[in-house]
Amino acid sequence: MTENKKLWGGRFTNEADPSFAAFNKSFSFDRRLFQVDLRASVAHCNGLAAAGVLSQEEAEAIKNGLNTLLAQAESSDNYFDDSDAEDI
């Protein structure tokens with residue numbers, strides 16, 4: 001698996017306090033929302049295309065990527081087991 005980078009950091013030079021890191025690590029909860037979040041992202045993409053913000057080609061490419069992730073997650077109960085990500 002590729003190295004995961006922290007979603008936050010910027011100007012911080014030291015590691016986060018372990019208790020903060022544990023509190024901030026919501027991945028185990030968020031993963032239950034993953035499929036719903038992907039479906040919401042597809043709906044948002046459709047809305048952006050309908051508003052003319054995205055071209056049909058851009059919208060299709062985005063939706064294809066989201067649907068690929070959705071299919072992978074649905075086909076494997078342990079899709080995220082190797083992830084040390086802090087958030088979805």
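All residue numbers in this chain count up from 1 along the given sequence. These numbers come from the heavy atoms of this one structure, side chains and all, not from hydrogens, waters or symmetry mates.
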Is the closest side-chain heavy-atom distance between Lys63 and Asn46 below 4.5 Å?
yes
Side-chain contact test, heavy atoms from C-beta onward, threshold under 4.5 Å: evaluate it for Leu70 versus Phe34 and give yes or no.
no
Donor-acceptor pair, Asn64 side chain versus Glu60 backbone, under 3.5 Å?
yes
Quick check: does any side chain N or O of Glu58 sit under 3.5 Å from a backbone N or O of Ser55, one acting as donor and the other as acceptor?
yes
Once you round to the nearest 0.5 Å, how far does [atom1] of [X] lie from [atom2] of [Y]?
X: Leu38; Y: Glu74; atom1: CG; atom2: CD; value: 9.0 Å
X: His44; Y: Leu54; atom1: NE2; atom2: CG; value: 8.5 Å
X: Ile62; Y: Glu57; atom1: CD1; atom2: CD; value: 11.5 Å

Nearest atoms (heavy-atom pairs only) where Gln56 meets Ala49
OE1-CB, 3.5 Å
What pair of heavy atoms forms the shortest contact from Ser41 to Leu66, and how long is it?
CB-CD1, 3.7 Å
